[in-house]
**Student:** 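Sharing a structure below in structure tokens format, with a few things to ask.
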There are 2 protein chains.
Amino acid sequence: MRVDAQRNYEHLLDTGRVVVVEQGAEASLRDVARRAGVGLGTLYRHFPSREALLEALLRESFEKLAAQAAELEAASAPADALIVWLRDFVAFSRTYRGVTEMMMAAIENTESALHTSCVRLRGAGTQLLTRAQAVGAARPDMDGTDLFALVTALAWLGDQPSSATRAGHLFDIIASAILVNRASGDSLSESP
Amino acid sequence: MRVDAQRNYEHLLDTGRVVVVEQGAEASLRDVARRAGVGLGTLYRHFPSREALLEALLRESFEKLAAQAAELEAASAPADALIVWLRDFVAFSRTYRGVTEMMMAAIENTESALHTSCVRLRGAGTQLLTRAQAVGAARPDMDGTDLFALVTALAWLGDQPSSATRAGHLFDIIASAILVNRASGDSLSESP
DNA sequence: ACCTGAACACCGTTCAAGT
DNA sequence: ACCTGAACACCGTTCAAGT
């Protein structure tokens, strides 16, 4: 890659981060290019789709979440591992508004630049769920797709102003449906 | 209202129904006016905002849901009444894609044409929830806002292609978190 | 009293022309 | 190789001009 192209790529990524934090996953790409001081075509050259830009912005987080699933699987009790990971997933999804909706679309769409990452994350969750189910800690009548849907719905609720303040409590409610045989009084999530 | 205005109003409502079924709550208003054979200004005269059009399209359903809550409260056991009503709410939300997201925004926004209807529906749900809590059939640590958020999240999952087919099962999972002390094996929702 | 559609300020996306 | 920005086809929203 030519040095000026490399500089543009990085500048677009930095600016993209700022604009997507401000406007959410549906941010104006024109605005990104404008604020990066770059022609629109340059943005499209480096990121041929909105999903490609988001994938670049989220790659690190995706990898961290996948790595952490593996660690939790090795080091924590099945129920704890599952809950901690779900909590991390919801926390991650709060980085960019609307990213959850885009991921739900991407997981069905092989063409999407986010597809592989989404499938990978669903796979990581599935493993933690299966492990918890094997020891009777998670309800047996659900699969990784259901888990992904539920955690995604929680992330979506976190995006909505009218439910955002209750997000922690809503997490507890749904977590209590996923886990079974838990001693009452166990705390499933951190502070409000 | 002049007779031609009345005719335009009704034609816009009919066309709006068709277009919103096709495109969802974010449907092109230009398209509605175009397909109704009416100037854009005429649409804005009759429906000063997108929410105003949706409110007109949904008014009947809103009223039915509110009336049914009252009936269920009079005629059904607290837990059954709550679950049946929640199921009806999710079924209603399937009429127009994305209507749920708009309702979540409207319930916080006094200016929205959908605000009153949303508050009313949340109130109806709250009554059914409180009644179920009073007999120990619903978990005590949630309120009407939580209930509205959960049912809205279920509706949202029904809008997503990747989870729509599991909607019935996801309803059961969340319903099991809301209800307590239920005999296992009870069916909470109709067929898939 | 009501309707029309041009006008304005925005999009996403593509691609000929430039360096 | 890479960049630019005009061009195209869309939006939502407003409002002067018409009937």
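So that the names make sense, note that chain A is the first sequence line, chain B the second, and so on, each numbered from 1.
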**Student:** Considering residues at least two apart in sequence or located in another chain, which fulfil the salt bridge (Lys or Arg N to Asp or Glu O under 4.0 Å) criterion with A:Asp88?
**Tutor:**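 A:Asp88: no salt bridge (Lys or Arg N to Asp or Glu O under 4.0 Å) contacts found.
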
**Student:** Side chains of residues 113-120 of chain B: which donor-acceptor pairs under 3.5 Å do they make with residues two or more places apart or in other chains?
**Tutor:**
from, atom 1, to, atom 2, distance (Å)
B:His115, ND1, B:Ala106, O, 2.8
B:His115, ND1, B:Asn109, O, 3.4

**Student:** Using chain B heavy atoms and a threshold of under 4.0 Å, write down where along DNA chain D the contacts begin and end, 5' to 3'.
**Tutor:**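 Both ends considered, the range comes out as D:dC11 to D:dC15.
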
**Student:** So which pairs with a foot in residues 5-39 of chain B pass ring-ring contact (aromatic ring centres under 6.0 Å, His included), sequence neighbours left out?
**Tutor:** B:Tyr9-B:His46, B:Tyr9-B:Phe47

**Student:** Please name all residues satisfying side chain to side chain contact (heavy atoms under 4.5 Å, CB included) with B:Val151, sequence neighbours left out, ordered by chain then number.
**Tutor:**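 Side chain to side chain contact (heavy atoms under 4.5 Å, CB included) check on B:Val151 returns B:Leu86, B:Phe89, B:Val90.
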
**Student:** Using a 4.0 Å cut-off on heavy atoms, which residues in residues 21-45 of chain B reach DNA chain D? List them by number, or say none.
**Tutor:** B:Ala27, B:Ser28, B:Leu29, B:Arg30, B:Arg34, B:Leu40, B:Gly41, B:Tyr44

**Student:** Taking all heavy atoms of B:Glu51 and all of B:Ser112, pick out the closest pair and write down the distance.
**Tutor:**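 Residues B:Glu51 and B:Ser112, closest heavy atoms: CG-OG, 3.5 Å.
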
**Student:** Please name all residues satisfying side chain to side chain contact (heavy atoms under 4.5 Å, CB included) with B:Asp146, sequence neighbours left out, ordered by chain then number.
**Tutor:**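 B:Asp146 satisfies side chain to side chain contact (heavy atoms under 4.5 Å, CB included) with A:Arg166, A:His169, A:Leu170, B:Met142, B:Asp143 once adjacent residues are dropped.
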
**Student:** Under 4.5 Å between side-chain heavy atoms, counting indirect links through other Ile/Leu/Val/Met/Phe/Trp/Tyr residues: same cluster for A:Val18 and A:Val32 or not?
**Tutor:**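 No; A:Val32 is not reachable from A:Val18 via cluster members.
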
**Student:** Is there a residue in residues 4-20 of chain A whose heavy atoms reach under 4.0 Å of DNA chain C, and which residues are they?
**Tutor:**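 Going residue by residue through residues 4-20 of chain A, none turns out to have a heavy atom under 4.0 Å of DNA chain C.
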
**Student:** With no hydrogens and no angle check, is any side-chain donor or acceptor of B:Asp159 less than 3.5 Å from a backbone partner on B:Arg97?
**Tutor:** no

**Student:** Residues in side-chain hydrogen bond (donor to acceptor under 3.5 Å, both in side chains) with B:Arg7, at least two apart?
**Tutor:**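 Checked B:Arg7 against side-chain hydrogen bond (donor to acceptor under 3.5 Å, both in side chains); zero matches.
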
**Student:** Of all residues at least two apart in sequence or in a different chain, which pass the side chain to side chain contact (heavy atoms under 4.5 Å, CB included) check with B:Ser162?
**Tutor:**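 Expected list: A:Met104, A:Ile107, A:Glu108.
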
**Student:** For salt bridge (charged side-chain N to carboxylate O under 4.0 Å, His left out), just list the numbers for A:Glu63 and A:Arg59, CA-CA rounded to whole Å, side-chain angles, deciding distance to a tenth of an Å, and then say yes or no.
**Tutor:** CA-CA 6 Å; A:Glu63 274 161 21; A:Arg59 197 173 307 156; 5.6 Å; no

**Student:** In dot-bracket form, how is DNA chain D paired, counting a Watson-Crick or G-U wobble pair only if both its distances are under 3.5 Å and using | for bases paired to another strand?
**Tutor:** ||.|||||...|||||.||

**Student:** Taking only residues two or more places apart in sequence, or in another chain, which ones meet B:Ser61 in a side chain to side chain contact (heavy atoms under 4.5 Å, CB included)?
**Tutor:** B:Phe92

